[in-house]
Amino acid sequence: MEKTYNPSAIEQKNYQNWEEKGYFKPHGDTSKESFCVMIPPPNVTGSLHMGHAFQDTIMDTIIRYQRMQGKNTLWQMGTDHAGIATQMVVERKLFAETGQTRKELGRETFIEKIWDWKKESGNTICKQMRRLGTSVDWDRERFTMDDGLSAAVKKVFVDLYNDDLIYRGKRLVNWDPKLHTAISDLEVESKDVKGFMWHFRYPLADGALTADGKDHIVVATTRPETMLGDTGVAVNPEDPRYQDLIGKNIVLPFTNRLIPILGDDHADMEKGTGCVKITPAHDFNDYEVGKRNNLPMINVLTFEACIRDEAEVFNSMGEKSDDYSTELPKQFQGLTREDARKLVVSELDALGLLDEIKPHDLTVPYGDRGGVVIEPMLTDQWYVRVAPLAKTATEAVANGDIKFVPQQYENLYNAWMSDVNDWCISRQLWWGHRIPAWYDESGKVYVAHTEAEVRTEHNLDDSVKLTQDDDVLDTWFSSGLWTFSTLGWPEKTMDLKTFHSTDVLVTGFDIIFFWVARMIMMTMHFMKNEDGTPQVPFKTIYMTGLIRDENGEKMSKSKGNVLDPLDMIDGIDLESLVTKRCGNMMQPKMAKKIEKQTRKAFPNGIEAHGTDALRFTLAAMASTGRDIHWDMNRLEGYRNFCNKLWNASRYVLMSSEETPCGFGDDAGNEMQLSLADRWIQGQMQTTIKEFRHALDTYRFDLAANILYQFTWDQFCGWYLELTKPILFKGSEAEQRGTRHTLLNVLETLLRLAHPIMPFMTEEIWQRVKGVTGLGGESIMIEPFPEFDAKLVDEKAVEDLEWVKQIIMAIRNIRGEMDISPKIPLNLLVKNASDDDQRRFTENQAFLSALTKLESVTIVAEGETTPVSATALVGELELLIPMAGLIDVDAELTRLSKQLEKAQKELGKISGKLSNERFVSNAPEAVITKERGKQAELQTTCDKLSEQIETIKAL
RNA sequence: GGGCGAUUAGCUCAGUUGGGAGAGCACCGCCCUUACAAGGCGGGGGUCACUGGUUCAAGCCCAGUAUCGCCCA
């Protein structure tokens, strides 16, 4: 074995081997329990970031753990077409390369371009995942736009339409004026901004006057430009100031449109002037007010959010209407909403109708993709009626069929579910599932899987011209079907029967509404058990936190602080990293800042750490319910851990190669286990138990710590050192026993660690197999270790803990007295019990090897002893004669420090025990324990004081 | 405004029926000892955000305050 762990030499070859051998596939034995995890499909044209690496690590750990327990295990791989994101990327690429827009290219050609790009970039993710060691079944890889999933999408749409759960309607939607598409309310991000509240005077019609004799009322608005579409003014029906005006009219400036004053609770008497202008076509609240009061709706904006040349007038049902003129004042036509706002304000001012302008804090909706202000827009869109679906989905969580880990996310889920809007699923994009709806020339809509089906079902011959809806479905519509569409639905496949419901979903809390909730709703509506009860998509949802950068900032391309998991694995030099981060910037001026930041954070670039170290770090940091601050130091620490395990294995293999180890031909020969052998076996078992519990409860951080602690502190720190005296000086039977144990424990440890660190455990396991001659093709299909109580030897644990204490006490003297490890020591012991004496006799070899003792002499009570440095183990006194070398001051300091510590602790405990209420209330066991501690500490203090006196007397 | 979460060592974080404050990294001292200097041995370091309450006993339970973060309106 190489002296230093070198991940690059072992990772890829092992992965290739696993994949070739088909270990990632379900073994297909359906008599065994099945286990399935669905990958949250990453964007096919994207690349994986640290968040993906994190989730993939968790999923792979879960999957490997279950697979090793013999289950018929499937980790389903696949990618998402990511409608708007992908379309934007390809559009930008097209423009950069050819200067063409997608419209110039035409729909069909443009979609071909996207498919080309998908082919080209789709491999990026697969390559990354292979490097991460993910054991997904590659042969089953799916794509949300492949034929099977497209068929599922069509069927779901048609069925929901027929069940009246999908409808089409003219509604106010969130419109992205940059991307020219509707988006769902989830895709809108509200931001707080400082703006203004404008107060306008609206003249009353027909000479009406207000209660205080004015010929106008004052309305307040944050969006002056929308006044061109006003169709009413609302006042509170209880408001004494305006009550009398209800039913009267206003002459709207510029258009001279006559609009009514109406009473509606939406108008808040306390807020602003108490009068609210109502623009049903451009504001969600006003839309509701308009509907309640049968107000016409006037759309004054184009899809680019500019003032139209001619308005569109609808009645409150959304039908074309001639209630008002469509005329719009010339000076506003074609202006952007921003310019229109300025002009409206200045012209109203000129007319003497601007009452005042007040600074105002408001929240403004932005599109999460395009980044521009969203415009509420009156358009025809398709919607899913969510409420009936949400009911079942809510119950599944309430009754425990679906569990969130951590549980607190249930609240979030419930809160959203109980107050959910209908889901706008149509998008004015080209990339996505085309809506299976056709229109005849009169605009009548027909929904079916194909045009042919429409014609058959409705007896329409070829003379009737049908046009398919231009729009596509929201990406989340198809990913909402992910758990069952990937398993072959709508066909009744064996896979569905075997793997659905799936077991665990691992995903980020940020897509709990976008994806998780919708997946639950869709799945429970379409997937039924034989008795008709709904199937849940998954039984457990493990929610991960976000991975943030070293400063706790969210990682994003625009901030330039993203990390590529492959750079953690392979390393990258500073210049390449800077280029990578600053290239392709949307805002080139950010590049300088990002470069500076990067050079500061990674002055020497990034070293290679290997996949196992990366995975171990991610697992170790995966505490539930909180975000992760990425920390390169942790990664480095765990890389060192990998090296530690590597070298421990190297030691085990070097000590046992071509020597009798009790395996193969040598099995059955006399084998004697040392105290250390028996001890480590027990420790291994305890570790197995704890580790399994951690994995079973999704505590990957605890699992990683348990593994780390056992490997480094117990196995390497104590056990390997304790094997040395035996391997160097023990009898043949003892050596065989120790080698056997070394190999056994290492082999078990490797299997235990495999789910988290697959590569090095396989590499080493294959070599261990070479020595033991035991069978098995690959560690990844070996059984996962199980706890065996018979292997825990309590007496061995007690004896070895004693040995450790003696060793630590002597090391403490060496360390603090600055005695070179080269100088052999002679140990005198006083006050030794029978057990102590036995232990000294039995463990001489261990003691002298680990502390370089030359001799141990039991001193009788009362016998005089030479000047010594001393230590206590319980009541046992250890003396190291210092024969003229003693540094009196150093020894006094050392003992005083210990005495002070002991006295402090003793004071605390004595205080407790002298408290009568403690003694009368605390459980017996606690009191006994405290009394024991008190006695022990008392002895310690007495002995230390004695020793201090002795030293002082010199 | 409503809801959720966080606050523990210099940093990143554990602490699961309330009963001896922990880990990794960083720090200080010694050591290239035949698995590993990506190491070994020894050591220092915390008013568990704050206030009050429950309890014999609170990092943990309850109430409130502060700061930070996220979600919703």
Side-chain angles (χ1 to χ4, degrees), chain A residues 1-6 185-186 189-190 363 406 408-412 414-416 419 509-510 512-513 545-546 548 550 552-554 607 609-610 613 617 620-655 693-694 697 699 701-702 704-706 708-709 712-713 715-717 720-721 723-724 727-728 742 807-808 810-822 849-852 894 897 905 908-909 911-913 915-923 925-927 929-930 932-933 937:
Chain A
M1 279 175 91
E2 285 180 73
K3 197 173 168 183
T4 306
Y5 159 60
N6 179 7
D185 49 352
L186 287 179
E189 283 173 0
S190 301
T363 46
Q408 77 229 22
Y409 286 108
E410 276 179 26
N411 296 332
L412 192 63
N414 289 332
W416 187 70
D419 186 28
F509 66 88
D510 48 332
I512 186 167
F513 308 139
L546 252 49
R548 295 168 176 279
E550 61 278 6
E553 303 236 24
K554 217 163 155 172
E607 266 185 79
H609 295 84
T617 308
M621 295 175 95
S623 41
T624 49
R626 71 196 268 170
D627 288 349
I628 291 177
H629 281 206
W630 183 248
D631 182 356
M632 291 301 294
N633 292 324
R634 292 283 293 264
L635 180 63
E636 195 184 330
Y638 292 126
R639 195 256 329 245
N640 295 351
F641 172 68
C642 290
N643 187 52
K644 188 77 179 170
L645 177 55
W646 180 262
N647 273 289
S649 308
R650 186 164 156 257
Y651 168 79
V652 174
L653 290 166
M654 287 192 320
S655 333
H693 182 252
T697 50
R699 289 303 305 268
D701 57 332
L702 298 184
N705 276 319
I706 289 162
Y708 188 103
Q709 199 272 338
W712 202 307
D713 300 341
F715 188 63
C716 296
L720 294 192
E721 295 307 317
T723 62
K724 288 175 185 173
L727 294 184
F728 296 153
L742 276 167
I807 292 169
M808 288 190 286
I810 295 168
R811 280 177 175 172
N812 176 272
I813 292 175
R814 264 198 203 276
E816 302 235 327
M817 303 296 288
D818 226 351
I819 304 169
S820 157
K822 285 177 188 154
L850 271 71
T851 60
K852 200 153 170 127
R894 195 177 67 85
K897 211 163 66 183
E905 191 61 26
K908 258 203 228 165
I909 290 172
K912 237 185 200 180
L913 283 166
N915 181 347
E916 211 174 292
R917 295 199 296 174
F918 171 73
V919 181
S920 55
N921 282 303
V926 173
I927 296 171
K929 204 166 139 195
E930 295 293 312
K933 276 195 288 189
L937 280 164

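We name chains A, B, ... by the order of the sequence lines, and we start the count at 1 in each one. Model, not experiment: these values are computed from the prediction.
Figure legend. B:A23 is base-paired to B:U12; pairs are counted as Watson-Crick or G-U wobble with both atom distances under 3.5 Å. Under the Watson-Crick or G-U wobble criterion, with both distances below 3.5 Å, B:A63 is paired with B:U51. Here B:G44 sits opposite no nucleotide as a Watson-Crick or G-U wobble pair (both hydrogen-bonding atom distances under 3.5 Å). Applying the Watson-Crick and G-U wobble criteria (two distances, each under 3.5 Å), B:G5 pairs with B:C68.
The C1' atoms of B:A38 and B:C25 are separated by 13 Å, rounded to the nearest whole Å. One C1' atom belongs to B:G64, the other to B:U54, and the distance between them is 15 Å to the nearest Å. Comparing the C1' positions of B:C50 and B:U67 gives an interatomic distance of 11 Å, to the nearest angstrom. Taking atom C1' on both nucleotides, B:C48 is separated from B:C71 by 28 Å, rounded to a whole Å. The same atom, C1', is picked in B:G46 and in B:G40; the two are 27 Å apart, to the nearest Å. B:C68 sits 32 Å from B:C27 when the P atoms are compared, rounded to a whole Å.
The distance between atom CG of A:Asn414 and atom P of B:G3, rounded to the nearest whole Å, is 16 Å. Atom CG of A:Asn411 is separated from atom C1' of B:G3 by 8 Å (rounded to the nearest Å). In this entry the distance linking CZ of A:Arg639 with P of B:G39 reads 9 Å, nearest Å. When the P atom of B:A73 is taken as reference, atom CZ of A:Phe513 falls 9 Å away, rounded to whole Å. Between the P atom of B:A35 and the CG atom of A:Leu850 lies a distance of 13 Å, rounded to the nearest Å. Atom pair A:Gln408:CD and B:C70:C1' shows a separation of 11 Å (rounding to whole Å applied). A:Ile628 has its CD1 atom 13 Å from the C1' atom of B:A14, to the nearest Å. Whole-Å rounding puts the A:Glu816 CD to B:C41 C1' distance at 12 Å.
Not one side-chain nitrogen or oxygen of A:Asn915 sits closer than 4.0 Å to the OP1 or OP2 atom of B:A57. Dashed line: the shortest gap from a side-chain N or O of A:Lys3 to OP1 or OP2 of B:A38 is not under 4.0 Å. Residue A:Asn812 has a polar side-chain atom (N or O) positioned under 4.0 Å from OP1 or OP2 of B:G43. Residue A:Trp712 has a polar side-chain atom (N or O) positioned under 4.0 Å from OP1 or OP2 of B:G40. Under 4.0 angstrom from either OP1 or OP2 of B:U33 there lies no side-chain N or O belonging to A:Arg811. For A:Asn921 and B:C56, the shortest distance from a side-chain N or O to OP1 or OP2 is below 4.0 Å. Regarding contacts with the backbone of B:G40, a side-chain N or O of A:Lys644 is found under 4.0 angstrom from either OP1 or OP2. OP1 or OP2 of B:A35 sits under 4.0 Å from a side-chain N or O of A:Lys724.
Ring geometry for A:Tyr638 against A:Phe641 counts as perpendicular: the plane angle is over 60°, on a 0 to 90° scale with 30° as the lower cut.
Of all nucleotides listed (B:G44, B:G24, B:A38), B:G24 comes nearest to the side chain of A:Arg634. Considering only the side chain of A:Leu412, B:C71 comes nearest among B:A21, B:C71, B:A35. Among the nucleotides B:U12, B:C70, B:G19, the one closest to the side chain of A:Arg548 is B:C70. Closest to the A:His629 side chain, of the nucleotides B:G44, B:C13, B:A14, is B:C13. Nearest to the side chain of A:Arg917, among B:A14, B:G24, B:C56, sits B:C56. Taking every side-chain heavy atom of A:Tyr5 into account, B:A38 is the closest of B:A23, B:A38, B:G19. Nearest to the side-chain atoms of A:Asn640 among the listed nucleotides B:G24, B:C71, B:G39 stands B:G39. Across B:A14, B:C32, B:C4, the shortest atom-to-atom separation from the side chain of A:Lys822 is found for B:C32.
The shortest distance between side-chain heavy atoms of A:Leu635 and A:Trp630 falls below 4.5 Å.
In this structure, CZ in A:Phe715 is found 11.0 Å from NZ in A:Lys644, a value given to the nearest 0.5 Å.
Between A:Asn633 and A:Asp701, the one whose closest nucleotide on RNA chain B sits nearer the 5' end is A:Asp701. Projected onto RNA chain B by closest heavy-atom contact, A:Ser649 and A:Val919 fall at different nucleotides, the more 5' of which corresponds to A:Ser649.
For the residue pair A:Asn647 and A:Asn643, a side-chain donor N or O sits within less than 3.5 Å of a side-chain acceptor on the partner.
Note on A:Ile909: nothing from the nucleic acid sits closer than 4.0 angstrom, heavy atoms only. Residue contacts shown for A:Cys716 include a base, since a base heavy atom lies under 4.0 Å away. Residue contacts shown for A:Ala415 are absent, as no nucleic acid heavy atom lies under 4.0 Å away. Nucleic acid contact for A:Arg699: sugar-phosphate only, since backbone atoms but no base atoms lie under 4.0 Å from a heavy atom of the residue. Using a 4.0 Å heavy-atom criterion, one finds that A:Thr4 contacts the bases of the nucleic acid, with or without backbone contacts as well. Using a 4.0 Å heavy-atom distance criterion, A:Met621 is classed as a sugar-phosphate-only contact. Contact annotation for A:Glu905: backbone-only contact, meaning every heavy-atom pair under 4.0 Å involves sugar-phosphate atoms and none involves a base.
Within 3.5 Å, a donor on the side chain of A:Glu721 pairs with an acceptor on the base of B:A35, or the reverse.
Annotation: A:Glu410, atom CD; neighbour count of heavy atoms from other residues, nucleotides and ligands within 6.0 Å is above 12. For A:Lys724, the NZ atom sits in a packed shell: over 12 heavy atoms of surrounding residues, nucleotides or ligands are nearer than 6.0 Å.
Of the residues A:Phe509, A:Phe513, A:Tyr409, the one that meets the ring pair (Phe, Tyr, Trp, His ring centres under 6.0 Å) test with A:Trp416 is A:Phe513. The residue from A:Arg811, A:Glu816, A:Met817 that alone fulfils the side-chain contact (heavy atoms from CB on, under 4.5 Å) condition with A:Ile813 is A:Met817.
Considering all non-hydrogen atoms of both residues, A:Arg814 and A:Thr851 come closest at NH2-O, 2.9 Å.
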